Amino acid sequence: MSERLRSIAANAVLAGASLIMVLPFLWMAMASMAPQGEIFSGAIFLKPSLQAAWGNYAFAFSRAPLLRYMANGVIVCVAIIVCQVAIAAPAGYALAKLPFRGRPVVFAAIVLGLMIPIQVPAIPLYIGLAYAGLLDTYTGLVLPFIISGFAIFLFRQFFTSFPDDVIDAARLDGFSELSIVRRLMLPAAWPAVAAFAVFSFVANWNDLYWPLVVITRPEMMTPPLGLAAFRASGDSAGNVGALMAGGIVITLPLVIVFSTIQKQFIRGMAAPAAPAPAAPAPASQASASPAPSSR
Amino acid sequence: MPPSSIEIDAISKRFGRHQALNAMSLAVRAGEFMSILGPSGCGKSTLLRLIAGLDDPDSGEIRVAGQPGKRPGKRRLGDRGVAFVFQTYALYPNLSGYDNIAAPLVMRELNGFERLPGARLLPAVARKRRSIDSRVRAIAELLQVAPWLTRKPGQLSGGQRQRIALGRALVREPSLFLLDEPFANLDAALRHQTRAELTALQKRLGTTTLFVTHDQSEAMAMSDRVAVMFEGAIRQVATPDELYRNPVDLDVARFLSQPHLNCLPAKVILDGHVLIGGEHVALADARQPGTEGIVGFRPEHATLRPRPASATVPGTLPGVVERIEHAGADVFVFVRLLAPDTTCTIRAASHEMSRWAPGTPCAVALDAASGWFFPRRPMQTAALGRTEVAAA
């Protein structure tokens with residue numbers, strides 16, 4: 001009986017915590033479909049109406065180029081992920097499997113680099129991009145993020161448990177080091193790649209700071225920056241329903257991305273050990289070595 | 001490719017403080033099946049990795065097919081005609097059995113562009129792919145792995161994986177075939193079957209083969225010649241028969257006589273006669289009167305005779321049966337010698353088992369032609385008594 005009580009209590013706590021997490025999003029969804037008056041009534045649960053929903057979403061789409069923002073967001077995020085994986089996979093491989101002088105130092109430096117927020121090198125980066133004429137471009141949005149210490153760290157951890165024999169076999173079979181990474185290591189580390197892609201996508205999609213620094217032209221804006229601009233513009237003044245509609249629109253892609261690769265994501269996070277099928281444990285040797293027969 | 005010969009000239013390799021190979025030399029003839037036999041940690045796997053070019057020796061030279069071999073660099077490793085079968089099989093976990101076998105051909109015969117999935121549409125690439133396909137199918141047929149080609153290594157049993165690994169090594173027709181304890185992970189029945197198949201395959205293909213193992217019965221059964229290795233150096237290279245009859249020293253004799261070799265301290269008194277525990281015993285191998293050393297003989301190289309309880313039989317070693325162990329057709333009788341105070345293992349026919357109940361007085365008669373005398377070297381003073389299996 002107490003077992004059951006405990007389970008009920010645990011579930012109640014979890015349900016409460018989930019509600020606290022979900023409520024802001026729920027309110028955003030309700031507000032995006034509620035008329036103005038309802039929103040300002042101060043109620044927690046709003047009564048949606050089809051007419052108000054249509055009005056809010058139509059207003060948001062007509063006054064702010066939401067689709068353009070989202071297209072920008074997808075372009076930037078995909079470009080960043082592709083570059084990050086393309087750089088971090090060979091780097092993680094080198095740190096995991098290729099002994100070279102100073103490897104521990106390099107690895108320590110990369111871990112240290114994880115602790116430095118973007119705000120620290122922001123001004124030099126900005127000046128550099130300005131001199132290169134890359135402000136207000138996709139390159140300006142992508143370039144500072146293509147090397148991810150986190151990705152290198154994550155891949156290195158995954159690659160370390162990859163069997164050395166397989167790498168040696170690949171070398172003897174004529175694989176180059178890069179084809180070892182691309183054809184053997186990355187496929188084996190697929191859960192890690194998926195998990196990292198989710199992290200990277202969420203972080204870059206939601207990033208407001210860097211686009212705010214380098215982007216001024218509306219057609220280059222990413223979703224959060226676009227939404228901020230929409231709110232700041234006179235158009236949306238007081239139209240909370242339309243703002244919430246915009247919020248829903250730009251949140252949706254994240255929900256879709258996460259729910260499609262949720263399984264890999266959890267696998268990648270839960271088991272940072274290569275799922276490569278290892279050889280069976282060596283059989284006991286002494287048991288099966290008969291004495292040489294006499295002649 | 002035609003089979004390669006190998007000459008290994010005084011190579012050394014050190015890992016930290018451990019001297020894995022110590023100025024070791026060895027010559028392997030083209031087309032030969034040679035086993036490298038030795039206990040765990042004697043450097044035999046290191047030797048194989050050096051021959052394959054996976055590591056560099058600290059000093060010395062390895063010539064494969066007469067080519068004075070500087071390591072060709074990791075990038076060019078695949079161009080050597082060397083195939084390696086690892087103890088762990090080292091299959092590519094994300095590729096199917098077919099793709100595992102095809103990998104050496106695909107990586108060596110197609111360039112990066114030709115490996116793209118769509119490149120098959122070009123006639124030249126399609127032709128190469130067909131040639132690869134026919135060779136993979138032929139090897140799969142030979143090794144009888146055709147039914148498992150679509151499965152990934154994780155879905156295969158140990159024996160199936162092992163065959164795929166053999167296929168991957170054989171498919172490019174290597175000039176040199178290196179196997180690092182390839183049967184260690186197989187169960188006994190499968191091991192015997194695979195052993196026979198590999199020997200037959202090697203005879204048919206004529207590829208120079210180096211086979212690393214710590215199992216003396218495996219080495220004896222398969223090889224043209226066996227190289228016995230201890231502590232990073234070769235002690236003896238000989239045919240299995242020669243090795244069985246004339247081991248060069250006590251270590252080799254012991255290693256090849258597992259599980260039992262009888263070792264008794266002795267002194268040569270005349271040419272062909274030794275003194276063991278006060279008894280004069282005939283032993284053809286004994287030379288140079290006055291030399292002290294150890295007499296080694298196998299359980300099958302002595303016979304048990306009855307002995308009156310309080311007497312001795314001239315020319316034999318007196319003892320008392322301690323216990324008896326059944327081993328199928330034979331029994332092993334463990335005899336406690338009166339002097340020196342140690343246990344000997346003697347083989348007897350199993351129908352004699354009733355004669356040798358524990359406690360029975362008996363006499364051990366050595367076969368004078370088959371026992372060995374090993375003069376004592378400074379290092380071997382501690383080696384007395386019956387040896388146990390030293391294999392790890």
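Each chain gets a letter, A, B and so on, in the order its sequence line appears, and its residues count up from 1. Small disclaimer: the values here were computed from a predicted structure and weren't measured.
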Which portion of B:L91 sits near chain A, non-hydrogen atoms under 4.5 angstrom: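 Just its backbone gets close to chain A.
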According to the salt bridge (Lys or Arg N to Asp or Glu O under 4.0 Å) rule, which pairs have a member within residues 72-99 of chain A, sequence neighbours left out?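 Those involving residues 72-99 of chain A are A:K97-A:D164.
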Stepwise side chain to side chain contact (heavy atoms under 4.5 Å, CB included) test for A:D168 and B:F84: CA-CA 9 Å; A:D168 282 336; B:F84 203 119; over 6 Å; no
Please tell me if the side chains of B:P93 and A:V166 come closer than 4.5 Å, counting only heavy atoms from C-beta onward.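 Heavy-atom side-chain distance check passes, below 4.5 Å.
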Using a 6.0 Å cut-off, check whether atom OH of A:Y131 has over 12 heavy atoms from anything other than its own residue. no
Answer yes or no: does atom CZ of A:R182 have more than 12 heavy-atom neighbours from other residues, nucleotides or ligands under 6.0 Å?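 It does not: A:R182 CZ has 12 such atoms or fewer within range.
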Contacts of type ring-ring contact (aromatic ring centres under 6.0 Å, His included), residue A:F258, not counting sequence neighbours: A:F265
Taking all non-hydrogen atoms of both residues into account, name the closest pair between A:A169 and B:R168 and its distance.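 Distance-wise, the nearest heavy atoms are CB-NH2, 3.5 Å.
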Taking all atoms of both residues into account, what is the closest heavy-atom pair of B:M107 and A:S179, and its distance? CE-OG, 3.6 Å
Can you list the steps and then say if B:Y92 with A:D173 is a side chain to side chain contact (heavy atoms under 4.5 Å, CB included)? CA-CA 11 Å; B:Y92 308 129; A:D173 281 348; 2.6 Å; yes
If you round to the nearest 0.5 Å, how far is CD1 of A:I167 from CG of B:L54?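 Spacing of CG (B:L54) from CD1 (A:I167) equals 11.5 Å.
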Give a yes or no on whether the backbone of B:Y89 and the side-chain of A:D165 come within a donor-acceptor separation of less than 3.5 Å. no
